[in-house]
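Reading through the structure tokens given below for one structure.
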Amino acid sequence: MGVSAASILNQLLHAKNLKPQPRSTATNTTKAAITTILSHVNAGHICKAASVLFAFPAPFPYSLYAHLFQHCTSPRAVVGLRKAESHLLTFSPNPPIFLLNRAIEAYGRCDSLRDARELFDEMPQPDGGSWNALINAYSQRGFSDEVFKLFLKMNRCGVYPNQITLAGVLGSCAVASEIVLAKQAHVTVVKFGFCRNVILGSSLVNVYGKCGLMVDARRMFQEIPSPNAVTWNVIVRRYLDAGDAREAIVLFSRMFLVKVRPLHFTFSAALVACASISRLEEGMQIHGVVVKLGLHEDNVVSSSLINMYMKCGKLEDGHEIFDQIGSKDLVSWTSIVSGYAMCGKIWEARKIFDEMPERNVISWNAMLAGYARFCDWHEALDFIYLMLGKIKDVDHVTLSLMLNVSAGLSDQEMGKQVHGYIYRHGFHSNLSAGNALLDMYGKCGNLNSATVWFDQMSNRRDWVSWNALLASYDHHQLGEQALTKFLEMQWETKPTKYTFGTLLAACANSSSLNFGKQIHGFIIRHGFEMDIIIRTALVNMYSRCRCLEYAIEVLKGAISRDIVIWNTIIFGCCHNHRGKKALELFQLMEAEGINPDQVTFQGILLACVEEGFVDVGTDCFRSMSNEYYVLPWLEHYDCMIELYSRHGYMDELENFLKTMPIEPTLSMLRRAFEASQKNRYSRLGEWITHKLNEFEH
DNA sequence: TTAGGGTTAG
């Protein structure tokens, strides 16, 4: 490359023989050239404009250069921009600093920071505006470290920052989560009395929020005399990102009270907030406002609306908006697919997925997540093969889902292959992929690999990682070790209700009553909310540890009881050979208006087997489909065969076997055969022998 | 003359 524009500037500034030419001598030719240049600039043809300029060996008014610099907005303009700068410096060797500052900004916008920096460095006396231009050029292109260095250098050079400098610096602090420097900048804002500046106020709200300090962000927000739409947008967005969707919605609604019209982005943020915590009512109200303001034409807002309805389970409403919008984009298609898939309407989701005009990794993941959520492992596996054939780059979500599928299928080999891929492609530092890996090893029964991986994750693990490890101990019936690990966990992170679920399951599976009681005590002492999930885990733990009375006490303590907790206690009674108690509790459950499901009947039939209540069992089985409209599963038929076989009700057994609407399984036939032999009931024995022969052929 | 926020889907 030849001599740069900035060096030309330097030479010119030191050359004494060049004098600025009088600018009043504009001839008609100059005027014509200016007109041509302006028309090119206004049409966005910077290079053409610069060529005309360059061909004219005379100075032009500064305003023309300023106009040209201002219109340089994309990297395409950079060649023209260089020409214009060089022309300026050749024919006006002493240009005003403000014009050079405009050129620095223009280089920034053209993504040519080297030129910007060179020009700045060659300036004999950069002013505050030059520093600002360069700092903001770096700030807007995300080079936070450069911004920080320049800011310090600027201070050292004795140049005072102004509002513009601080806005750029705070923006970079937000990008880099640089809280220490942000606080220093905050002090400067206060010291120089810029506190009432709404732009700096918004930047401070933003930076505190991005650094996870929502209390400070909120305090800053409250100090701003009249927050504008951008300020509100920032605070809503920061609450949403901080995981407080509820507060995001509250603040969004407050905007209407203070009569600040939300921006498009704020509408979509509020809709995302509603979607994330299933606040349909608020979502519908926002929908109303969106329509009133005509924002439903906006692609992003309409996609957010579709997503909100789908996530709130209102599939038809979401689909209706989708049908109405003119340009259905990838995002709205994916929202629809995901909505159906996550509601368990897998078939519908797949149908829509297959109709999609285009797909990306997110749409593939949305569909795969549906299969995984509903444990449709074989379909998921087929889908993965299909996906890998169609898409080149999978991401950490795909990899996590693939690990879930490996775990679901207990296919450790597949899991290991995914592990290899994760390692080779640098996904091992991704937390969700790492947690999925841990979960896979645990569920595939490889406690050793799970532990090794868990230790390797030491600097980037969270409570999900700990839970996965605890679940792995549970899987290996190591309740005691789980508890030890739980104590260790508290040095690092806080337990959640899911942790207790896992720990109590570990205690239940290893009959560790003492540890179970300790966990129960921990939950109470630390004031964790005793929700239905924890309560169910406790009921399960106590009944599995042969402490049925405790289990019943926990059950009674619940404000409301769902089918799962009732089923748990009914099975708990069976586990403790207390069939009568199970039937008694079943009646209480019905009195509470809870409808039994397949699992309940399985428990009831088990109780009847346990107690030898053959008539009750027979009645129950009959009423199951006739009165409760609960279709029997294979397990229920199995229970009935066990009931008749164990208690020697051979006529009933024969009748049942011969009239079953499904073919008896091998184990059912074997069980019944044993009973016929024991009870010398040869007619059935012969029939079964015949059936068993059929099986063999 | 220069400054802030932000684009929906897994």
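Fair warning: this is a prediction, and the values are worked out from it, not measured in the lab. Numbers restart at 1 for each chain; the letters A, B, ... are given by sequence-line order, proteins then strands.
- Following rounding to the nearest Å, A:Ile97 (CD1) and B:dT2 (P) show an atom-to-atom distance of 18 Å.
- Between A:Cys110 and the choices A:Leu81, A:Thr73, A:Asp115, the side chain to side chain contact (heavy atoms under 4.5 Å, CB included) rule is met once, by A:Leu81.
- Counting non-hydrogen atoms under 4.0 angstrom, A:Asn228 reaches a base of the nucleic acid.
- Rounded to an integer number of Å, the gap from A:Glu297 CD to B:dT7 P is 22 Å.
- Between A:Lys149 and A:Asp145 there is no salt bridge, since no side-chain nitrogen of the basic residue lies less than 4.0 Å from a carboxylate oxygen of the acidic one.
- Residue-level contact check: A:Val234 touches the backbone only, with heavy atoms under 4.0 Å from sugar-phosphate atoms and none from bases.
- One interatomic measurement links the two molecules: CZ of A:Arg109 to C1' of B:dT1, which rounds to 11 Å at whole-angstrom precision.
- The side chain of A:Val300 lies closest to B:dT7, out of B:dG4, B:dT7, B:dT2.
- The base of B:dA3 has none of its N or O atoms less than 3.5 Å from a complementary donor or acceptor on the side chain of A:Asn162.
- The base of B:dA9 is not paired with the side chain of A:Ser335 by any donor and acceptor separated by under 3.5 Å.
- Of the possible polar contacts, none joining the A:Asn132 side chain to the A:Ile135 backbone as a donor-acceptor pair under 3.5 Å is found.
- Counting non-hydrogen atoms under 4.0 angstrom, A:Val198 reaches a base of the nucleic acid.
- The phosphate of B:dG6 (OP1 or OP2) has a side-chain N or O of A:Lys210 nearer than 4.0 angstrom.
- One can place CG of A:Leu271 at 9 Å from C1' of B:dT8, the figure rounded to the nearest angstrom.
- Annotation: A:Met284, atom CE; neighbour count of heavy atoms from other residues, nucleotides and ligands within 6.0 Å does not exceed 12.
- In this structure, the CG atom of A:Leu200 is 13 Å from the P atom of B:dA3, given to the nearest Å.
- Residue contacts for A:Leu330: at a heavy-atom cut-off of 4.0 Å it reaches a base atom on one of the strands shown.
- Using a 4.0 Å heavy-atom distance criterion, A:Asp298 is classed as making no nucleic acid contact.
- Atom CD1 of A:Ile104 is separated from atom C1' of B:dT2 by 11 Å (rounded to the nearest Å).
- Counting distance only, with no hydrogens placed and no angle test, the side-chain atoms of A:Ser202 and the base atoms of B:dG4 include a donor-acceptor pair under 3.5 Å.
- Using a 4.0 Å cut-off, no side-chain N or O of A:Gln140 falls inside it from OP1 or OP2 of B:dT2.
- B:dT2 atom P lies 15 Å from atom CZ of A:Phe69, rounded to whole Å.
- The base of B:dA3 lies close enough to the side chain of A:Asn197 for a donor and an acceptor atom to sit less than 3.5 Å apart.
- Here the P atom of nucleotide B:dT7 and the CZ atom of A:Arg237 are 5 Å apart, to the nearest Å.
- Remark: A:Arg102 engages A:Glu105 in a salt bridge, criterion side-chain N to carboxylate O under 4.0 Å.
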